[in-house]
Enquirer: 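Handing you a structure now.
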Amino acid sequence: MTTKMLKFVSVPQRQPDKRTAIARRADFDEIYEDFTPPEATEQASRCSQCGVPFCSVHCPLGNNIPDWLMLTAQGRLEEAYGVSSATNTFPEICGRICPQDRLCEGNCVIEPGFESVTIGAVERYITDTAFEKGWVKPVHPVQERSQSIAIIGAGPAGLAAADQLRAQGYKVHVYDRYDRVGGLLVYGIPGFKLEKDIVARRHKLLEEGGVVFHLGQGIGDGEGELSFADLRSRHDAVLIATGVYKSREIGGPGVGLAGIEKALDYLTASNRRSLGDTLPPEAQALDAAGKNVVVLGGGDTAMDCVRTAIRQGAKSVKCLYRRDKANMPGSAREVKNAEEEGVQFEWLAAPEAFLGEGHVSAVRAVRMKLGLPDATGRQSVEPLEGSSFTLDADLVIKALGFDPEPLPQLWGQKDLAVSRWGTLKVGQKDFMTSLPGVFAAGDIVRGASLVVWAIRDGRDAAASMHTWIQENVTATAKAEQG
Ligand code: FAD
Ligand code: SF4
Ligand code: SF4
């Protein structure tokens with residue numbers, strides 16, 4: 001069947017409808033509606049089918065975007081799903097939360113002149129339809145293998161690797177200290193970007209495919225934890241996919257006051273509340289209702305915090321960021337969503353001190369100006385003398401980024417090599433750490449990054465683990481038998 005593509009000249013770009021800001025503020029549901037079938041077909045047909053598709057080049061998974069756009073435009077959705085899922089383990093998740101404006105869509109060649117093809121929304125539509133129609137099936141390995149693999153961390157890196165390794169027939173055991181599967185997909189990223197049943201249905205599929213999950217099982221030397229050495233002795237190979245969880249801190253007078261909280265504690269409490277969990281007493285106060293909230297930072301985490309506070313019914317929500325809007329690390333689309341929902345931004349402003357008696361009541365901030373670019377090309381910032389101002393604040397949330405936990409110390413593994421940033425060192429091609437048979441993937445290797453990169457790393461690490469096991473474990477066993 002042929003369908004005319006290249007319709008970008010006559011058909012304008014259309015993203016899926018967004019719920020009104022008033023409706024969005026009232027709940028934690030996703031803000032984008034689904035494409036209807038005619039909308040998806042029409043939007044997919046805007047693609048010009050480039051010979052060298054820059055969208056694919058800038059997709060970390062190298063997705064075959066033009067092909068699944070053409071198949072969607074032709075109504076051949078099951079085939080589109082086949083092509084899309086061949087390179088992406090969780091296309092419906094990437095379609096929702098990739099910063100497309102910086103990746104695939106940001107590099108679509110019909111821009112400038114025309115607005116980019118709506119790649120992410122079509123990717124999401126294809127896989128949501130595939131789930132509805134029952135085309136998404138658990139993995140069925142062609143052969144079962146005797147070797148077993150431990151994966152530490154059930155975030156996107158660990159899950160992508162689990163899927164690939166199970167497909168190869170290995171016994172796959174995933175260990176996670178959390179009680180649910182998904183890592184930051186569940187406890188970091190709020191429901192208005194990614195509803196949690198989307199992650200839960202992947203958990204179910206993986207389990208149906210034979211992946212064994214050990215939830216609530218931390219790896220380490222703490223109480224109730226399984227030691228890394230023990231884990232290693234039980235399995236033929238190990239993948240570390242533990243993410244990065246050490247919050248970056250801020251200094252300054254008053255920083256120890258009550259009411260100054262870490263972003264991830266705040267977001268986890270909110271996500272748990274939405275999931276119906278009973279919160280421990282220390283987490284119950286992590287609620288913005290009726291409060292003046294000030295969020296420090298300008299990345300995706302800060303955007304998630306300000307928009308969560310709005311939904312919790314905060315009296316006011318302000319975001320303090322030391323650079324300007326153009327230099328914000330967060331996705332421009334998310335900043336726009338936050339503005340629509342009522343968040344006020346204080347650009348070029350940084351905290352100087354936290355004021356209050358026992359509990360924070362205000363933040364004293366200072367205006368900043370952009371200076372000359374530093375060695376990385378990024379403009380430096382410096383305070384403007386005499387520009388201090390004060391913001392009322394009953395809740396201050398620090399969203400300043402994350403660093404890795406010190407795994408070699410926590411796990412008593414002094415030979416586990418780390419970079420100067422504390423991330424695990426791995427071979428560029430084989431993803432193996434300094435410990436033989438121990439591999440690593442995702443944020444613990446890259447530092448805080450993106451879901452799509454975690455998926456990519458998880459898939460690549462799995463391929464490398466398969467090669468290593470075949471060359472080492474299987475070959476050794478054969479030699480011993482023979
Ligand atoms: P994680 O998702 O962090 O998963 C690691 C898992 O390991 C966790 O489940 C953890 O419990 C487990 N674990 C850790 N240590 C142990 C241990 N010792 N024993 C057992 N289990 C352990 N990216 C995007 O692409 N788009 C977004 O919109 C986006 N928004 C974000 C919003 C927030 C608030 C945050 C914090 C991040 C966001 N990111 C986003 C980044 C993205 O979530 C991460 O890059 C991605 O989740 C990394 O995947 P991972 O599998 O490496 O680690
Ligand atoms: Fe775009 Fe992300 Fe999908 Fe790649 S995975 S096509 S970057 S939305
Ligand atoms: Fe289609 Fe844009 Fe990709 Fe070209 S760059 S193949 S027009 S989506």
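Counting convention: from 1, in listed order, for ligands and their atoms alike.
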Enquirer: Provide, to 0.1 Å, the distance between atom 4 (Fe) of ligand 3 and the closest protein heavy atom, together with that atom's residue and name.
Expert: C50 SG, 2.3 Å
Enquirer: What residue and heavy atom of the protein are closest to atom 3 (Fe) of ligand 3, and at what distance?
Expert: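 The closest heavy atom on the protein side is C55 SG, 2.3 Å.
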Enquirer: For atom 26 (N) of ligand 1, which candidate among L407, I97, L410 holds the nearest heavy atom?
Expert: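 Result: the heavy atom closest to atom 26 (N) of ligand 1 is in I97.
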Enquirer: Among the N/O/S atoms of E123, which is closest to atom 3 (Fe) of ligand 2? Give the atom name.
Expert: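 In E123, the heteroatom (N, O or S) nearest atom 3 (Fe) of ligand 2 is OE1.
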Enquirer: What is the closest protein heavy atom to atom 2 (Fe) of ligand 2, and at what distance does it sit?
Expert: C98 SG, 2.4 Å
Enquirer: Strictly under 2.8 Å, is any N, O or S atom of C108 next to atom 1 (Fe) of ligand 3?
Expert: no
Enquirer: Is any side-chain heavy atom of R180 less than 4.5 Å from a side-chain heavy atom of L215?
Expert: no
Enquirer: Just heavy atoms, cut-off under 4.0 Å: does I152 contact ligand 1 by side chain, backbone, both, or neither?
Expert: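 Side chain only.
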Enquirer: Please identify which atoms of ligand 3 are closer than 4.0 Å to at least one heavy atom of S48.
Expert: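 Heavy-atom distances to S48 below 4.0 Å select 1 (Fe), 7 (S).
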Enquirer: Just to be sure I'm reading this right: ignoring hydrogens, which of K193, M303, E405 gets closest to atom 30 (N) of ligand 1? Compare them by their nearest heavy atoms.
Expert: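 Shortest heavy-atom distance from atom 30 (N) of ligand 1: K193.
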Enquirer: Looking at F192, does the NZ or CZ of R24 lie under 6.0 angstrom from its six-membered ring centre and within 45 degrees of the ring axis?
Expert: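 Checked: cation-pi criterion not met.
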Enquirer: Considering only protein heavy atoms, which is closest to atom 1 (Fe) of ligand 3, and at what distance to one decimal place?
Expert: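 Looking only at protein heavy atoms, the one closest to atom 1 (Fe) of ligand 3 is C47 SG, 2.4 Å.
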Enquirer: As a check for students: among A157, G243, P156, P60, identify the option with a heavy atom nearest to atom 47 (O) of ligand 1.
Expert: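 The nearest heavy atom belongs to P156.
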